[in-house]
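These notes are about the structure you will find just below.
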Amino acid sequence: LLLLLLSVGVSAASSTMNPVNYTIANPPTPGFTPTFRGNYFEFYGPEATSTYSYVFWRPQTSQLPDHIVQRYKGSVMAVTGFEVDIVDSLNRSVPVTQLYNHHWSGWMYSSDTQLVWPATHSSTITAHGTALPLFETDVNAPALGPHVQAFSEGNGNEHRVSFKGYPAPYAQLIQSPLTFTMSPMIININALLTATPHSPPLPRASLAPPNASYSGILECPCTDRKIKLFDAYNVAVDARTAQHEQKISTLAECLHAANETGVLGGPVQQVTSQVLPAGCSVQAGPDQAWSVVFNNATASTAACATGRTTVAADVPAEVFGLLLAGAVQAAVTVGPKLVDIVLTGPADNWFGIGFNGTQMDGSYAVVVDSTGVSEHLLGDHQPGQVLPPSITIVQHSASPTTRTLHLQRPVNVGPQYFTFRPGQAAVVPMIYAVGSTPTFQLHKLHGDALLTLLPPKQPFCILRDPNSNHGSIDGNQFRPEVCAPEPVGELLSTNNSICSLAKYNGGLYCCHDKSILLDRDQALPTATMTWKLKYRFYYEDAGNNRNLFRTWWSTEAYNNEYDVPKSPANCLDPATPAVLCTHRLRSNFTGLDTLGVSSCMCPSSTGACANQTRVLADGGYRLVYAAAHCHAPACQSLELWDVDNDQLLCRNVPTYGSASPSTPFNETSYVVGIPPCIWDEATAPIIRPHGNYATIKHANSTNGHWGVMALWQMRGAYL
């Protein structure tokens with residue numbers, strides 16, 4: 001039988017901070033109402049101001065009330081539950097249709113402890129570039145209890161109507177509490193701040209259908225303000241089979257790609273044209289210089305140039321290319337019969353270039369040293385074979401620091417030489433090197449690059465390399481490796497777009513602090529609203545209370561978000577079976593997996609995290625509290641299964657609002673609460689370290705949805 005949550009000094013729902021009737025997912029009796037126990041204290045977080053489409057996601061720090069600090073100085077407080085609200089400057093609850101709480105994470109810590117936010121590249125970085133804090137506790141402080149506790153239960157838009165309380169004798173224990181730091185991610189979706197409140201602007205990447213009852217910006221669609229940069233790009237000599245995701249989407253990315261492919265000879269020109277291909281393209285000009293253009297006209301049907309080009313019947317056009325490799329530069333023009341190579345390097349030391357390779361072995365090389373020009377078939381880190389000369393020096397000029405040679409040779413010499421193809425656009429892998437001596441010996445620097453050969457006055461598209469899945473979004477490194485393979489996760493096996501940099505079009509990468517979720521051509525509203533978070537913590541003296549540690553798992557293992565693809569079925573037809581309009585995601589894990597370093601949110605605090613050695617020795621831990629976190633408008637349910645025993649441990653179903661959009665705690669179409677599962681000591685499931693478990697999430701796929709979540713945020717206790 002579930003142990004009732006007794007109130008001490010606080011009555012049931014009528015005395016809670018939030019005016020709601022809390023429920024839980026596994027009530028011991030019909031009509032059971034959970035209540036908080038202990039006394040309580042309240043305080044507010046700092047005020048914040050934002051406008052429509054603005055993302056607020058940064059730490060806010062508050063001192064706990066002085067009477068609490070003094071009462072528990074040198075002793076231990078037991079937090080038995082808590083409530084959170086978002087209020088305006090008049091202390092009125094703000095509807096979620098104005099401020100959408102994507103999620104928050106909070107930490108309470110002692111007077112002997114300091115919070116430290118690590119550098120961006122710390123080992124505490126989570127899946128999408130945000131860091132978990134570190135806590136430094138005075139080594140001389142007495143160890144009466146944990147110095148840090150994390151709070152994240154029911155922490156999304158469901159936070160106000162989700163019960164966050166623990167049954168006796170369980171609580172979150174904390175020694176000498178002093179400070180509370182909250183990191184809320186609040187998206188301003190208040191259409192009343194816009195010039196068109198009945199049809200507020202949405203970025204082009206929004207998946208919300210016309211006249212949707214929810215805001216499309218709550219799903220963090222990627223706007224054109226968010227620059228994607230890939231680790232690899234190609235000048236497409238034949239773009240007829242290119243996928244849409246390969247198209248470059250912003251001027252900044254076009255500039256980056258042109259530089260990466262070696263065709264950036266000056267500034268990138270931005271145009272809106274129906275006669276040029278959409279996105280990024282490059283042309284070789286008649287003056288043997290590159291011209292790179294970014295075309296904003298996304299609907300342009302103009303094709304990229306492809307294949308072989310001619311100036312008359314059977315007369316191939318010239319193709320031109322530039323190699324810009326720091327100390328070595330080369331301009332290559334391929335005519336019908338001859339190739340002209342203008343090669344520039346240092347005046348005093350040897351230098352050279354190699355064709356059609358990324359390493360020495362097997363590359364055809366042209367070397368310039370104090371003896372003249374020589375041609376080689378290079379060996380593996382060896383000078384290799386000196387080839388009979390095919391090159392003529394047309395012109396040689398020098399300055400005190402550099403020398404330039406105009407060289408010429410036939411397009412086709414023989415199998416040991418690189419063969420140029422007249423009139424044929426091509427991308428040639430190259431190597432280059434510079435020595436420290438006048439004659440050809442060991443190099444002092446070397447590298448590889450690309451030589452792009454194009455005919456003049458034809459737009460060749462610069463595309464994302466279809467094999468590249470690394471790069472950055474808005475300056476944050478994209479990390480596809482956090483998408484777990486089977487059997488742990490299904491994101492990779494189902495080709496979920498969240499794991500693809502090219503297909504990533506909404507989610508946390510596009511929603512960092514101070515993000516504007518409107519495209520650049522959409523006016524940012526000037527009207528603002530001011531708000532703050534309000535907290536109530538229920539507490540007791542530590543007494544016989546036993547500490548709860550945080551445990552965690554995500555159905556989207558380990559990615560923290562995933563995309564719900566739109567169902568191909570006609571889900572608006574009532575005759576369509578519901579199963580065809582439901583997306584299902586599963587993750588398999590062990591009990592020990594729930595106790596990872598990031599699971600407790602306090603990676604440097606031993607008291608707040610489970611001692612894995614003890615859990616292993618005990619044979620498991622008690623699961624006391626299990627709360628799902630998921631997003632409107634798609635979330636339908638989350639299930640937690642004991643696979644070994646084929647037992648459903650917990651099923652959480654969100655509560656959707658049913659009143660007007662302006663009614664706090666009951667806004668229509670939004671998840672306003674997710675009743676958790678709570679167990680007492682006698683009925684709590686034992687989570688076995690090596691036991692096999694699963695979580696299953698169901699979501700409505702009538703429409704597509706970016707960056708949804710399916711997390712289990714739980715509390716455990718030692719046996």
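For reference, positions follow the sequence shown, starting with 1. Values below: all heavy atoms of this structure, side chains included; hydrogens, waters and symmetry mates excluded.
Among residues two or more places apart in sequence or in another chain, the side chain to side chain contact (heavy atoms under 4.5 Å, CB included) test is passed with P59 by W117, T181. Partners of A578 under the side chain to side chain contact (heavy atoms under 4.5 Å, CB included) rule, at least two apart in sequence or in another chain, do not exist in this structure. Applying the ring pair (Phe, Tyr, Trp, His ring centres under 6.0 Å) criterion to W531, with sequence neighbours excluded, gives F56. In this structure N588 satisfies the side chain to side chain contact (heavy atoms under 4.5 Å, CB included) test together with P487, R586, A694, sequence neighbours excluded.
In this model, a donor atom of one side chain and an acceptor atom of the other lie less than 3.5 Å apart for N155 and Q713. Using modelled atom types and a 3.5 Å distance limit, the side chains of S213 and S669 yield a donor-acceptor pair. Checking E540 against N545 by side-chain atom types alone, a donor-acceptor pair falls below 3.5 Å. Looking at N700 and T702, their side chains do bring a donor and an acceptor atom within 3.5 Å of each other. Checking T668 against S658 by side-chain atom types alone, no donor-acceptor pair falls below 3.5 Å. N666 and T663 share no donor-acceptor pair across their side chains, judged by distance under 3.5 Å alone. H631 and E219 are not linked by any side-chain donor-acceptor pair at a separation below 3.5 angstrom, with hydrogens and angles left out of the test. Checked by atom type, the side-chain pair Y538/E83 shows a donor-acceptor distance below 3.5 Å. Between the side chains of S183 and R58, no donor-acceptor pair is found at a separation under 3.5 Å. For the residue pair T530 and E47, no side-chain donor N or O sits within less than 3.5 Å of a side-chain acceptor on the partner. In this model, a donor atom of one side chain and an acceptor atom of the other lie less than 3.5 Å apart for K697 and Y562. At a cut-off of 3.5 Å, with distance as the only test, a side-chain donor of H159 or W104 sits close to an acceptor on the other residue.
The shortest side-chain heavy-atom distance between Q98 and N188 does not fall under the 4.5 Å cut-off. L202 has its side chain within reach of I217: a pair of non-hydrogen atoms, C-beta onward, lies under 4.5 Å apart. For the pair C630/L638, a side-chain contact is recorded, criterion being any heavy-atom separation below 4.5 Å from C-beta on. A 4.5 Å side-chain heavy-atom check between Q149 and N547 finds at least one atom pair inside the cut-off. You'll find the side chain of I687 reaches within 4.5 Å of the side chain of L649, heavy atoms only. No side-chain heavy atom of H583 sits less than 4.5 Å from a side-chain heavy atom of H698. In this structure, I678 and Y166 have side chains that are not in contact, with every pair of non-hydrogen atoms separated by 4.5 Å or more. Between M714 and L623 the shortest side-chain heavy-atom distance falls below 4.5 Å.
Between G154 and A627, the shortest heavy-atom distance links the atoms N-CB, 4.3 Å. Heavy atoms only, all atoms of each residue included: N703 and L207 are closest at CB-O, 4.5 Å. Of all non-hydrogen atoms in L218 and H102, the two that sit nearest each other are O-CD2, 4.0 Å. For I68 against M77, the heavy-atom pair with the smallest separation is CG2-SD, 3.9 Å. The two residues G489 and S493 come nearest to each other via the heavy atoms O-OG, 4.5 Å. Closest non-hydrogen pair, W679 versus A684, comes out as CB-CA, 3.5 Å.
Interatomic distance, CG of N496 versus OH of Y504, reported as 11.0 Å (0.5 Å rounding). Here the straight-line distance linking atom OH of Y214 with atom CG of N157 works out to 14.0 Å at 0.5 Å rounding.
Taking the six-membered ring wherever Trp is involved, the centroid distance between the rings of Y535 and F180 falls below 6.0 Å. Taking the six-membered ring for Trp and the full ring otherwise, W706 and Y509 have centroids separated by 6.0 Å or more. Here the two rings, on F36 and F163, have centers that are under 6.0 Å apart. A ring-centre distance under 6.0 Å is found for Y718 and F549. Aromatic rings of H103 and W57 (six-membered ring for Trp) have centroids within the 6.0 Å cut-off, being under it.
W107 places no side-chain N or O within donor-acceptor distance of the main-chain N or O of P133, the cut-off being under 3.5 Å. Under the 3.5 Å distance criterion, the side-chain polar atoms of D644 are matched with a main-chain donor or acceptor of N692. For T576 (side chain) and D573 (main-chain N/O), a donor-acceptor pair under 3.5 Å exists by modelled atom type. At least one donor-acceptor pair under 3.5 Å links the side chain of S587 to the backbone N or O of V488. Counting only distance, with no hydrogens or angles, the side chain of E556 and the backbone of S554 share no donor-acceptor pair below 3.5 Å. Not one N or O on the side chain of S500 forms a donor-acceptor pair closer than 3.5 Å with the backbone of S497. Of the possible donor and acceptor atoms, one in the side chain of N652 sits under 3.5 Å from a partner among the backbone N and O of P675. Checked by atom type and distance alone, the side chain of D88 pairs as donor or acceptor with a backbone atom of R92 at under 3.5 Å.
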Open item on the list: Assess the residue pair T551 and S599 against the criterion (side-chain hydrogen bond (donor to acceptor under 3.5 Å, both in side chains)); give the C-alpha distance rounded to whole Å, side-chain angles, the decisive distance to 0.1 Å, and a yes or no.
Closed with: CA-CA 5 Å; T551 74; S599 297; over 6 Å; no
Open item on the list: Applying side chain to side chain contact (heavy atoms under 4.5 Å, CB included) to S62 and Y44, what does each step give before you reach the verdict?
Closed with: CA-CA 8 Å; S62 305; Y44 294 90; over 6 Å; no
Open item on the list: Working note: C510 + C222, criterion disulfide (SG to SG under 2.5 Å); need CA distance, chi angles, decisive distance, verdict.
Closed with: CA-CA 5 Å; C510 295; C222 295; 2.0 Å; yes
Task: From CA spacing to verdict: side-chain hydrogen bond (donor to acceptor under 3.5 Å, both in side chains), Y693, T594 - done: CA-CA 10 Å; Y693 299 89; T594 66; over 6 Å; no
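Pairs of residues two or more places apart, or lying in two chains, that qualify as disulfide bond (SG atoms under 2.5 Å apart) and include a residue from residues 674-719 are C650-C677.
A cation-pi arrangement, defined by a distance under 6.0 Å to the six-membered ring centre and an angle within 45 degrees of its axis, is absent between R546 and Y170.
Of the charged side-chain nitrogens involved, none lies within less than 4.0 Å of a carboxylate oxygen, so that D563 and K503 do not count as a salt-bridged pair. A salt bridge links R651 and E639; the closest N-O separation between the charged side-chain nitrogens and carboxylate oxygens is under 4.0 Å.
A ring-ring contact (aromatic ring centres under 6.0 Å, His included) with F82 is found for exactly one of F41, F151, F43, namely F151. Here the options are N18, D85, N101, the test is side chain to side chain donor-acceptor pair (under 3.5 Å), and the partner is R160; only D85 passes.
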Can you list, pair by pair, the side-chain donor-acceptor contacts under 3.5 Å of residues 565-572, counting residues two or more places apart and other chains?
residue : atom : partner : partner atom : Å
S567    : OG   : A569    : N            : 3.1
S567    : OG   : L580    : O            : 2.6
N570    : OD1  : L572    : N            : 3.3

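Within a 6.0 Å radius of CG in N211, other residues, nucleotides and ligands contribute 12 heavy atoms or fewer.
For the cysteine pair C511 and C220, the distance separating the two SG atoms is below 2.5 Å.
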